Enquirer: 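Let me give you the structure first, and then I'll get to my questions.
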Amino acid sequence: MLPIVTILQEATATALNKHFNQTILLSEVLVQETRKEFEGDYTIVIFSLNKYKLGNPAAIAELLGSLLLASCDFIVKYSVVQGFLNLSFHNNFWKKFIIEHQDADINGDFFNSKEGNNKKILVEFCSPNTNKPLHLGHLRNLMLGDSIIRMYRAAGYEAIPCCLYNDRGIAICKSMYAWTKRFNGITPEASPYNGKGDKLIGDCYVAFSRMLEEEIMELMNNQGISKEEAEKIAPSNLAINEMLVKWENNDPEIRALWATMNGWVYEANQKIYEKLNIPFDKYYYESDLYESGRDIAYEALTKGIFTRREDGAIGIDLTPEKLDFKVLVRSNGTTVYMTQDLGTADKKYEDFGAEKSVYVVGNEQEYHFKVLFLILKKLGRTYSDGLFHLSYGMVNLPTGKMKSREGTTVEAEDLIDEVTTTAYENTIELGKVEGMSEEDVQRLSKTLGLGALKYFLLKVDPTKNMLFDPKESVDLHGHTGPFIQYSYTRTASVKREATSRNSQPLKMEDKIEEVIADSEKALVKTLYKYPALLHEAIYSYNPSIIANYAYEVARDYNRFYHDCKILIADKPFLSAARLAISNITGQTLKKCLDLLGIEVPERM
RNA sequence: GACCUCGUAGCUCAGCUGGAUAGAGCAACUGCCUUCUAAGCAGUAGGUCACAGGUUCGAAUCCUGUCGGGGUCACCA
């Protein structure tokens, strides 16, 4: 089924082409929903055709109106207001939609498309370091990545979630060194960590910074040297550099410590992924990949794509692209971050052969990915056109920026626990626990708490920086996840009640006029838009489109619910129609939330 | 310094491929539960769409400039 906008564009172009013997492009025909203060369903903006010099807009609108009325059987009337042609659809059009979709299921054709044709798309997200716990920024990342995966699956792609662990390097050495110095013998099982090894490692990382600061202060005071000089000779800094060298030389002791401490973090993170219900199909580790781009670099050098600079460094001159010379192998023969990414890109393609590959990474790395993709293209990688950096904005706190070294972060796990607790308290307070076991209440609280958190982070345009207000994130009213979940439970409740009353489905012969009155129409029109919005959300890698649409559906439904009695004993056809609308709404809300990774309860 | 990005109600955000009187939520104030769940609905109030020019039938939306916030510009990751 073609989207209605396309149908109207085609009908308009066909009618006018014939009448004026001109070629009007579909894309030049502007079709939009009629504003609610005017009569009509869809509007054609005649001004948009000005460039074809067809004549006075009002006259063209009249003409087009009569042509469309004749050619499109679903149009029942039209009106012209200035240069706007407002088209009213026959109630049958909406009724047909309701009848055809009253049994639609979230796994069915209406809610999913096949446009992906089972093509593979790899989505890398989260990308944690192993030297500290996951924080709020990772949560935004995780939820975006998960939602992208879900949206692509709904569009018929084979979407593969993967996670790259930055498990080596100087940062991990900092935590390791601090642990040996200050925490030796303390394991995640010890108090106050209660099994949370990521927190222990995070504390080590912070401890290292303090230790180093103390040393630098002491050196500066005692030896009267500058801060830069003090940094160079501070024992802790010397020690971690030595550690890094030992690690690279496979020193058994260092490697063992490294493996143990990383293990703590993997375990802790895994628990969080499980809590969030965000699984990965594949994990990559920097420690396996960090030298993998070297061969590519040397090969590119022989092909003349890369060049050797006078100082011996190998890289690529991107000044023609108005970028700089990018070094990929240092003059001492070691590789850089970008080189590793070249190797990783090849490895991913080797593993999955995905035509599309998305990196969900913060916008501070835009330059990095711009250069990376450009180099891969110059290297002639066939997959390079399918690479996309989903660049998302930072999450700020009311108190300012998060800095892990200063301990001003919001840790992911704490936040998840907090929203769950708040949801629990609210559920109790509202007296919604009747007939529920303690276990039910716990499960509901988790569903609602996570719903609130995920929705809060996903409703904002991913490319924009956002402010995280802890109070607002656990709110259950208004433009929130729980509001949408609540709206779903209303549909579920109506459905249960209808089943017990044995309501019959809507049939074609049921009265049209009463079935789609004004009270129902706004909601039906909103429901009708789902496929177009899914397409738009996928096309723009933007789950917030789905989030905001779900809110629109929920709001329209609650208005409808308030204005219309759904289960009316004396008017079975009307009841059937409203029940059908309610059911479609329920599935739409469930599907939208599912695309956002949010579960729905049946009661709340 | 150069480049990128953002600036919409007290706060958080929609709207931005140019279209009709700029929309929500939160916060404030008013109403509405004997009814399919009030985690809801309806209403009041709140705006020079940062500012100044330009493009045109029409600009929150496009262009230029100014101001303000954020980011990037490594042989760091």
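So that the names make sense, note that chain A is the first sequence line, chain B the second, and so on, each numbered from 1. As the structure is a computational prediction, the values presented were derived from the model and not from experiment.
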Enquirer: Taking the same atom, C1', in rU12(B) and in rC6(B), what whole-Å distance lies between them?
Expert: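 Their C1' atoms lie roughly 15 Å apart.
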Enquirer: Please check this pair: side chain of R308(A) against backbone of G312(A), looking for a donor-acceptor N/O pair closer than 3.5 Å.
Expert: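 Here the side-chain-to-backbone pair exists.
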Enquirer: Mind checking what makes side-chain contact (heavy atoms from CB on, under 4.5 Å) contact with Y367(A), not counting sequence neighbours?
Expert: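 For Y367(A), the residues satisfying side-chain contact (heavy atoms from CB on, under 4.5 Å) (neighbours in sequence not counted) are L323(A), D324(A), V371(A).
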Enquirer: Check this for me: N332(A), atom CG, are more than 12 non-hydrogen atoms of other residues, nucleotides or ligands nearer than 6.0 Å?
Expert: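 Check passes, neighbour count above 12.
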Enquirer: Name all residues meeting the side-chain contact (heavy atoms from CB on, under 4.5 Å) criterion together with D295(A); count only those two or more places apart in sequence or in a different chain, and write none if there are none.
Expert: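 So D295(A) forms no side-chain contact (heavy atoms from CB on, under 4.5 Å) with any residue.
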Enquirer: Nearest to the H562(A) side chain among rG70(B), rA77(B), rC41(B), which nucleotide is it?
Expert: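 That would be rC41(B).
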Enquirer: On a whole-Å scale, what distance lies between the P atoms belonging to rA14(B) and rU8(B)?
Expert: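 Here rA14(B) and rU8(B) have their P atoms 11 Å from each other.
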Enquirer: Output the rounded distance in Å from CZ (F560(A)) to P (rU35(B)).
Expert: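 It works out to 19 Å between those atoms.
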Enquirer: For Q365(A), does the CD atom have more than 12 heavy-atom neighbours from other residues, nucleotides or ligands under 6.0 Å away?
Expert: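 Enclosed: over 12 neighbouring heavy atoms sit under 6.0 Å from CD of Q365(A).
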Enquirer: Measure OH/Y455(A) against C1'/rA24(B) and give the value in whole Å, please.
Expert: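 In whole Å, rA24(B) C1' and Y455(A) OH are 10 Å from each other.
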Enquirer: L430(A) has an atom CG; how far is it from atom P of rA39(B), in whole Å?
Expert: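 Whole-Å distance recorded here is 6 Å.
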Enquirer: Can you name the residues that form a salt bridge (charged side-chain N to carboxylate O under 4.0 Å, His left out) with E10(A), not counting sequence neighbours?
Expert: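 So E10(A) forms no salt bridge (charged side-chain N to carboxylate O under 4.0 Å, His left out) with any residue.
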Enquirer: Just checking E286(A): base, sugar-phosphate only, or nothing, at a heavy-atom cut-off of under 4.0 Å?
Expert: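 Answer is sugar-phosphate: E286(A) comes under 4.0 Å of backbone atoms only.
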Enquirer: Within 90° of 0 counts as syn, otherwise anti: where does rC33(B) fall?
Expert: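 Nucleotide rC33(B) adopts syn.
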Enquirer: When you get a sec, tell me which of rG71(B), rC73(B), rC36(B) is the closest nucleotide to the side chain of M394(A)?
Expert: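 For M394(A), the side-chain atoms sit closest to rG71(B).
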Enquirer: In whole Å, what separates the C1' atom of rA50(B) from that of rU5(B)?
Expert: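 Straight-line distance between the two C1' atoms is 16 Å.
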Enquirer: Sticking with atom P, work out how far rA38(B) lies from rA9(B), rounded to a whole angstrom.
Expert: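 So the two P atoms sit 34 Å from each other.
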Enquirer: For nucleotides rU48(B) and rC4(B), find the distance between their P atoms and express it as a whole number of Å.
Expert: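 Their P atoms lie roughly 30 Å apart.
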Enquirer: In whole angstrom, what separates N363(A)'s CG from rG70(B)'s C1'?
Expert: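 Between C1' of rG70(B) and CG of N363(A): 9 Å.
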Enquirer: For P482(A) and for A313(A), locate the closest nucleotide of RNA chain B by heavy-atom distance; then report the residue assigned to the nucleotide nearer the 5' terminus.
Expert: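 Here P482(A) is the residue nearer the 5' end.
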Enquirer: Taking the same atom, P, in rG15(B) and in rG7(B), what whole-Å distance lies between them?
Expert: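 After rounding to an integer number of Å, I get 10 Å for this pair.
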Enquirer: Consider the side chain of D324(A), meaning its heavy atoms from C-beta on, and name the nucleotide among rC36(B), rA39(B), rC73(B) that approaches it most closely.
Expert: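 When the side chain of D324(A) is considered, rC73(B) is the closest of rC36(B), rA39(B), rC73(B).
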Enquirer: Restricting to pairs with a member in residues 421-430 of chain A, which pass salt bridge (Lys or Arg N to Asp or Glu O under 4.0 Å), not counting sequence neighbours?
Expert: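 Non-adjacent pairs meeting salt bridge (Lys or Arg N to Asp or Glu O under 4.0 Å): zero.
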Enquirer: Find the distance R555(A):CZ to rA38(B):P and express it as a whole number of Å.
Expert: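 So the two atoms are 19 Å apart, to the nearest Å.
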Enquirer: Rounding to the closest angstrom, what is the interatomic distance between rU72(B) and rG46(B) at atom P?
Expert: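 To the nearest whole Å, 41 Å.
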Enquirer: Starting from C1' on rG71(B), measure out to CD on Q365(A) and report it in whole angstrom.
Expert: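 Atom-to-atom, Q365(A) to rG71(B), this comes out as 12 Å.
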Enquirer: Measure across A554(A) and L589(A) and return the closest heavy-atom pair with its distance rounded to 0.1 Å.
Expert: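 Looking at all heavy atoms of both residues, the shortest contact is N-CD2, 3.9 Å.
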Enquirer: I want to verify a distance call: between rG25(B), rU72(B), rG40(B), whose nearest atom is closest to the N558(A) side chain?
Expert: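 Within the option list, the nearest is rG40(B).
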Enquirer: Below the 4.0 Å mark, does rA77(B) have OP1 or OP2 next to a side-chain nitrogen or oxygen of H368(A)?
Expert: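 Result: no.
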Enquirer: What is the distance from CG of D167(A) to C1' of rA77(B), rounded to the nearest Å?
Expert: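 Rounding to the nearest Å, CG of D167(A) and C1' of rA77(B) are 13 Å apart.
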Enquirer: Compare all side-chain heavy atoms of I172(A) with those of I201(A) and state whether any distance is below 4.5 angstrom.
Expert: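 SC-SC contact between I172(A) and I201(A) ruled out.
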Enquirer: Using a heavy-atom cut-off of under 4.0 Å over every strand shown, decide if F483(A) touches base, sugar-phosphate, or nothing.
Expert: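 Touches sugar-phosphate only.
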Enquirer: Using Watson-Crick pairs (N1 to N3, plus N6-O4 or O6-N4) and G-U wobble pairs, both distances under 3.5 Å, which stems of at least 3 pairs involve RNA chain B?
Expert: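 The stems that RNA chain B takes part in, listed by first number, are B:1-7 with B:67-73, B:10-13 with B:23-26, B:28-32 with B:40-44, B:50-54 with B:62-66.
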Enquirer: Treating primed atoms plus P, OP1 and OP2 as sugar-phosphate and everything else as base, which nucleotides of nucleotides 6-21 of chain B get B, S or - for protein heavy atoms under 4.0 Å?
Expert: ------SSS-B--BBS
Enquirer: For a quick check of understanding: with a heavy-atom distance under 4.0 Å over all strands, which category does T334(A) fall into, base, sugar-phosphate or nothing?
Expert: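 If one applies the 4.0 Å heavy-atom cut-off, T334(A) turns out to touch nothing in the nucleic acid.
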Enquirer: Looking only at atom C1', what distance separates rC13(B) and rA22(B), rounded to whole Å?
Expert: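 About 14 Å, rounded to a whole number of Å.
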Enquirer: In this structure, is the centre-to-centre distance between the rings of Y359(A) and F388(A) below 6.0 Å?
Expert: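 F388(A) vs Y359(A): aromatic centres not under 6.0 Å.
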Enquirer: List the atom of H138(A), the atom of P128(A), and the distance in Å for their closest heavy-atom pair.
Expert: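 Scanning both residues completely, I find the closest heavy atoms to be NE2-CA, 4.1 Å.
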Enquirer: If you only use heavy atoms from C-beta on, which nucleotide in rA39(B), rC36(B), rA77(B) is closest to the side chain of L448(A)?
Expert: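 Of the options given, the side chain of L448(A) lies nearest rA39(B).
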Enquirer: Less than 4.5 Å apart, side chain to side chain, heavy atoms only: is that true for T526(A) and Y557(A)?
Expert: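 Of all side-chain heavy-atom pairs linking Y557(A) with T526(A), none is under 4.5 Å.
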Enquirer: Heavy atoms from C-beta onward define the side chain here; which of rA39(B), rC36(B), rC26(B) lies closest to that of L567(A)?
Expert: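 Nearest nucleotide to the side chain: rC36(B).
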Enquirer: Rounded to whole angstrom units, what separation is found between the NZ atom of K36(A) and the P atom of rG23(B)?
Expert: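 These atoms are roughly 7 Å apart.
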Enquirer: Which residue lies toward the 5' end of RNA chain B, K565(A) or R559(A), if each is placed at its nearest nucleotide?
Expert: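 Counting from the 5' end, the first nearest nucleotide belongs to K565(A).
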